[in-house]
Structure formats: structure tokens, C-alpha cells
Amino acid sequence: MENQTVRQVARISVGGKSVRVVLSNAFGEKPLTIGAGSVGIAGKGGEVDQATLKPLTWGGKSSVVVPPGAPILSDPIALPAEALSEISVSIFLPKKTALSSAHWDGVQTAYISGPGNFANDAAFKADSTLNHACF
């Protein structure tokens, strides 16, 4: 993937008033560049409830480079969510990025955009989908 946005929906088990997103480059051999990210309450068909859509930050910055073999934890985001809610996480990948790990048994749809940063858009046209958890 390059110059594309990936949106993944995850069901959370415990509700709360805020979220943090952990991304990993544990199996990556090169640095992972994240150009932007967002989180919000999932809607239908890859959409996000616009009223809940929040940009992700890492140390106050809107982009981050994750070294090979390392995880990264986002800053806390105020996002009230009930237990068993579905949360959408969107990540914009500006540089060529290989899929280095996936949860093949995590049967959830990942939405992959055409060219562009759509991380902070409530909806975007998916050029393709994957039927497993990418992150």
C-alpha cells in the first residue's frame, strides 16, 4: 500500500470514556510511517459516525514513524463508548508499506481507499477490502 487509507473496525469488550490505539511494527523490517490516523464509533459499510470522529495523535503530533520491531501507543482520545461497541480506526499510509502481520482468524472487513488521505473523513469509497484484521 502507498498513499492509501486503511479503515479497520474492531469490537471492544469494555466500554469507557476514552481510547488509546496501539499499532505495532513488530514484524516490520523497515520503519512504518503513519501520516495520519483517526478513531470513531463505527457506522455501516465502513463509515464512521461523524459526530464521534477524532484525529489520533502521538506525543501531540498528527504523524509518527514506528521503528522496526516496535509498537506505538496513541495519546488518549476522549471517545465515550459502550461495552461491545464497534470502533473504527483509520490509518493513512503515505509511503510504500508492506503488510507484515495480520490476524487471519479475525474475520472483520478492512476498507482500503484509493489514493489519498481519508483518515478524517466519515466515509470514503473503498477501492478494495480484506476479510481479516490488518491492525
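Since the model is a prediction, treat every value here as computed from it, not as a measurement.
For the pair Asn3 (side chain) and Pro115 (backbone), a donor-acceptor distance under 3.5 Å is absent. Looking only at distances, no side-chain donor or acceptor of Asn25 sits under 3.5 Å from a matching main-chain atom of Gly69. Of the possible donor and acceptor atoms, none in the side chain of Ser88 sits under 3.5 Å from a partner among the backbone N and O of Gly40. The main-chain N or O of Ser113 is found under 3.5 Å from a side-chain atom of Gln4 such that the two form a donor-acceptor pair. Counting only distance, with no hydrogens or angles, the side chain of Thr33 and the backbone of Lys95 share no donor-acceptor pair below 3.5 Å. Checking side-chain atoms of Arg7 against main-chain N and O of Gly46 turns up a donor-acceptor pair under 3.5 Å.
Around the CD atom of Glu82, the shell of radius 6.0 Å holds no more than 12 heavy atoms that belong to other residues, nucleotides or ligands.
Of the inter-residue distances, the one linking Lys44 atom NZ with Asp49 atom CG reads 12.5 Å to the nearest 0.5 angstrom. Residue Asn117 holds its CG atom at 8.5 Å from OG of Ser38, rounded to the nearest 0.5 Å. Here the straight-line distance linking atom CG of Leu84 with atom CD1 of Ile12 works out to 8.0 Å at 0.5 Å rounding. A distance of 9.5 Å separates CZ in Phe92 from OG1 in Thr97, rounded to the nearest 0.5 Å. Rounded to the nearest 0.5 Å, atoms OG (Ser90) and CG (Leu56) are 8.5 Å apart. In this structure, CD1 in Ile77 is found 9.0 Å from OG in Ser18, a value given to the nearest 0.5 Å.
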Problem set entry | Leu79 and Ile87: CA distance, side-chain angles, deciding distance, side chain to side chain contact (heavy atoms under 4.5 Å, CB included) verdict | CA-CA 10 Å; Leu79 182 68; Ile87 303 292; 4.1 Å; yes
Exercise. Which is it for Trp58 and Ile34 under the side chain to side chain contact (heavy atoms under 4.5 Å, CB included) test, yes or no, and what are the steps along the way?
Worked result: CA-CA 10 Å; Trp58 297 271; Ile34 299 172; 3.7 Å; yes
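Closest heavy-atom contact between Ser63 and Gly35: CB-O, 3.4 Å. Between Glu2 and Lys96, the shortest heavy-atom distance links the atoms CG-N, 3.6 Å. Among all heavy-atom pairs drawn from Gly28 and Pro68, the shortest one is O-CB, 3.3 Å. In terms of heavy-atom proximity, Asn120 sits nearest to Gly37 at OD1-O, 4.0 Å.
Linking Ile, Leu, Val, Met, Phe, Trp and Tyr whenever their side-chain heavy atoms come within less than 4.5 Å puts Ile112 and Leu32 in one cluster. Criterion: ILVMFWY side-chain heavy atoms under 4.5 Å apart, direct or through other members. Under it, Val9 and Leu130 are not part of a common hydrophobic cluster. Placement of Leu93 and Phe118 in two distinct hydrophobic clusters is found when ILVMFWY residues are connected by side-chain heavy-atom separations under 4.5 Å, directly or transitively. Phe124 and Val6 fall into different hydrophobic clusters, where Ile, Leu, Val, Met, Phe, Trp and Tyr are joined by side-chain heavy atoms under 4.5 Å apart, directly or via other members. Criterion: ILVMFWY side-chain heavy atoms under 4.5 Å apart, direct or through other members. Under it, Ile41 and Val39 are part of a common hydrophobic cluster.
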